[in-house]
Protein chains: 2
Amino acid sequence: MTEPLRIALIDDEELIRSGFAAIIGAEPDLEVCAQGADGVDALNIARSGRVDVLLMDVRMPRVDGIEATERITAELAERPKILVVTTFDNDDYVWQALRAGADGFLLKRTKIEDLLAAVRLVARTDAVLFPESIRRLAAATAKRSEAHPGIADLSEREREVLQLAAKGMSNTEIAERLYLGRETVKTHLSSVYTKLGVRDRTQAVIAAYDSGLV
Amino acid sequence: MTEPLRIALIDDEELIRSGFAAIIGAEPDLEVCAQGADGVDALNIARSGRVDVLLMDVRMPRVDGIEATERITAELAERPKILVVTTFDNDDYVWQALRAGADGFLLKRTKIEDLLAAVRLVARTDAVLFPESIRRLAAATAKRSEAHPGIADLSEREREVLQLAAKGMSNTEIAERLYLGRETVKTHLSSVYTKLGVRDRTQAVIAAYDSGLV
DNA sequence: GTTCGGCTCCCCCGGGAGGGGGAGCCGAGT
DNA sequence: ACTCGGCTCCCCCTCCCGGGGGAGCCGAAC
């Protein structure tokens, strides 16, 4: 028989870790090789290179699970599989975990056998239950929302005005909505145009859409 | 011990079905309860209500696996879990399967143990490896691309002009690009506005973005 | 054969948009 | 104290946009 899968547990709650450790340790083909209390620990453990699957909590002090996952996938070519574990299946968490490069998402209320099955499954294969392709998809849609330099250095007001313009409002409507003069709105939009390097309102709205501002 | 999971196999290739049937039949906790050769069979079998997991091929005559999945999820409240099985992990297939409401995606080259694990996992739980939340996400992004009545009854030319407008081009630029008069472009855009029920070019571009035309 | 819808172009006209100025206020940083 | 950038408002001017007409051409449908 092959050597057991090496599992690392990352959770800020000692109790949770012990529980998981007990469950996993009872399995002959699984072994808890490391434990950590936050994202920094996770990164260090992942760097050690002797881990197959990392069970990662989301809410943790210092560096949370999502960011830790991000760093690990960004930094390590040979990284452990990462299963993000949390209490609630908040859509946002799932999405963020996906984008960060996690291999799976588990709920703490998951039944024991399912947890074990998921760990074994994710360790062995990447072709089951929405893996690689989905992650590429998520990464692609995520990339669209990053690295749009222009949008970043808009002032608060300018972003606000642009957002309303991107809802189809006219200058006068925007002015009324924001309790401003129509001329002021025009001024803001003008700086938006120059900052974004576009010609008119339509192109600005397009830029807003493409950069994920809308 | 509980009664075995009831599996249905849908594939147009007799050989594949037999292979899967043999593998699955050998497991004490699994049982092949039905087989079909296309999407129509799949729908009938799903309607019978005595199936836990449906292994569904994508490429099939008459009605393919994606459409069958769509119909089943649309029609049946109490539906079997559906695992879409195919030879290549074409991104498009994965995405379509997801949108259609499939619970998972498998490759035919998947190892036997993984196939069995996936079947057992998907039958029991919905909280593992990107399930419900992801499907809602996919459904949401999909919905944005459908059922935008306005966009549908634009004429060919009007759609063309709108698309260029949505790239930030002015009327004159669009005219030059399409070898038209500037007035013609205006006319087309005007009908676009009335058909989409919008006021100006900006709102039209927004509609184009929201409806997935861009 | 007539009608209807899509496609093409034209004119006029009003209004909003965008550019170019100028100006005052305020808070933060030098 | 001064400067600089963000926010606010104003005027003028030009240009494109959008609305409201009208008109001719064509192919399909009735």
Side-chain angles (χ1 to χ4, degrees), chain A residues 145-214, chain B residues 145-214:
Chain A
S145 313
E146 297 163 9
H148 281 267
I151 230 86
D153 45 46
L154 291 182
S155 78
E156 190 56 37
R157 231 7 178 191
E158 288 160 352
R159 234 192 316 279
E160 211 173 355
V161 170
L162 176 55
Q163 275 167 343
L164 294 180
K167 286 190 193 299
M169 295 192 189
S170 74
N171 290 344
T172 327
E173 288 169 339
I174 297 174
E176 284 168 356
R177 163 73 77 91
L178 298 180
Y179 306 105
L180 292 179
R182 183 174 147 283
E183 300 301 320
T184 311
V185 175
K186 286 181 63 178
T187 311
H188 287 314
L189 276 180
S190 284
S191 9
V192 168
Y193 300 154
T194 55
K195 283 187 181 175
L196 296 186
V198 300
R199 190 172 58 205
D200 53 34
R201 133 191 250 95
T202 306
Q203 291 187 354
V205 168
I206 294 170
Y209 263 79
D210 288 344
S211 60
L213 188 65
V214 191
Chain B
S145 314
E146 300 162 10
H148 281 268
I151 230 85
D153 45 46
L154 292 182
S155 77
E156 191 54 39
R157 227 16 173 185
E158 288 160 352
R159 235 192 315 279
E160 211 174 357
V161 170
L162 176 55
Q163 275 167 344
L164 294 180
K167 285 190 193 302
M169 295 192 189
S170 73
N171 290 343
T172 328
E173 288 170 339
I174 297 174
E176 283 167 357
R177 164 71 79 89
L178 298 181
Y179 306 105
L180 292 178
R182 183 175 146 282
E183 300 300 321
T184 310
V185 175
K186 286 179 62 180
T187 311
H188 287 314
L189 276 180
S190 284
S191 11
V192 168
Y193 300 153
T194 56
K195 283 187 182 175
L196 296 187
V198 299
R199 190 170 59 206
D200 53 33
R201 118 194 262 99
T202 307
Q203 291 187 354
V205 169
I206 294 170
Y209 263 79
D210 289 343
S211 61
L213 189 65
V214 191

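Residue numbering restarts at 1 for every chain, and letters A, B, ... go by the order of the sequence lines. Quick caveat: nothing in here was measured; it's all calculated off a predicted structure.
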*Measure across A:S155 and A:K195 and return the closest heavy-atom pair with its distance rounded to 0.1 Å.*
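Minimum heavy-atom contact is N-NZ, 3.9 Å.
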Distance-only donor-acceptor pairs under 3.5 Å for side chains of residues 181-189 of chain B, two or more places apart:
from   : atom 1 : to     : atom 2 : distance (Å)
B:T187 : OG1    : B:E183 : O      : 2.9

*May I ask you to test the A:L154-A:L162 pair for a side-chain heavy-atom distance under 4.5 Å?*
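Contact flag for A:L154/A:L162 side chains = yes.
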*Using atom CZ of A:R201 as one end and atom P of D:dC16 as the other, report the distance to the nearest whole Å.*
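Computing the A:R201:CZ to D:dC16:P distance gives 17 Å.
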*Give me the residues of residues 155-163 of chain B where at least one heavy atom lies under 4.0 Å from an atom of DNA chain C, by number, or none.*
B:S155, B:E156, B:R157
*State whether B:S190 places a side-chain N or O below 4.0 Å from either non-bridging phosphate oxygen (OP1 or OP2) of D:dG19.*
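It does, given that an N or O in the side chain of B:S190 lies less than 4.0 Å from OP1 or OP2 of D:dG19.
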*B:Y193 OH to D:dG20 P: how many Å, rounded?*
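Taking atom P of D:dG20 as the reference, OH of B:Y193 is at 14 Å.
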*Which residues pass the side-chain contact (heavy atoms from CB on, under 4.5 Å) test with B:E173, sequence neighbours left out?*
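If we apply the side-chain contact (heavy atoms from CB on, under 4.5 Å) test to B:E173, skipping adjacent residues, the hits are A:R199, B:M169, B:S170.
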*Which residues pass the side-chain contact (heavy atoms from CB on, under 4.5 Å) test with A:S190, sequence neighbours left out?*
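If we apply the side-chain contact (heavy atoms from CB on, under 4.5 Å) test to A:S190, skipping adjacent residues, there are no hits.
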*How would you label the contact of B:T172 with the nucleic acid (heavy atoms, under 4.0 Å): base, sugar-phosphate, or nothing?*
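Touches nothing.
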_B:Q203 backbone acceptor or donor facing B:D200 side chain under 3.5 Å_ = yes
*Between B:V198 and A:H188, which has a closest nucleotide on DNA chain D that is more 5'?*
A:H188
*What pair of heavy atoms forms the shortest contact from B:A207 to B:L196, and how long is it?*
CB-CD1, 4.1 Å
*From A:I174 CD1 over to A:E160 CD, what is the distance, rounded to the nearest 0.5 angstrom?*
10.5 Å
*Heavy-atom closest contact (A:L178 atom, A:R157 atom, distance)*: O-NH2, 3.8 Å
*Considering just the side-chain nitrogens and oxygens of B:N171, establish if one lies under 4.0 Å of OP1 or OP2 belonging to D:dC16.*
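Result: no.
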*Which atom names give the shortest non-hydrogen contact between A:A208 and A:S211, and what distance separates them?*
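Shortest heavy-atom separation between A:A208 and A:S211 comes out as O-OG, 3.2 Å.
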*5' to 3' contact window, DNA chain C with chain A (heavy-atom distance under 4.0 Å)*: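 Contact span on the strand: C:dA17 to C:dG19.
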*Separation of D:dC13 P from A:K186 NZ (nearest whole Å)*: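 Value for this atom pair: 13 Å.
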*Indicate the atoms forming the closest heavy-atom contact of B:A204 with B:V192, along with that distance.*
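Smallest heavy-atom distance, with atoms named: CB-CG1, 4.5 Å.
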*Contacting residues from residues 174-185 of chain B, given that a heavy atom lies under 4.0 angstrom of DNA chain C*: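 Contacts with DNA chain C under 4.0 Å: B:L180, B:G181, B:E183, B:T184.
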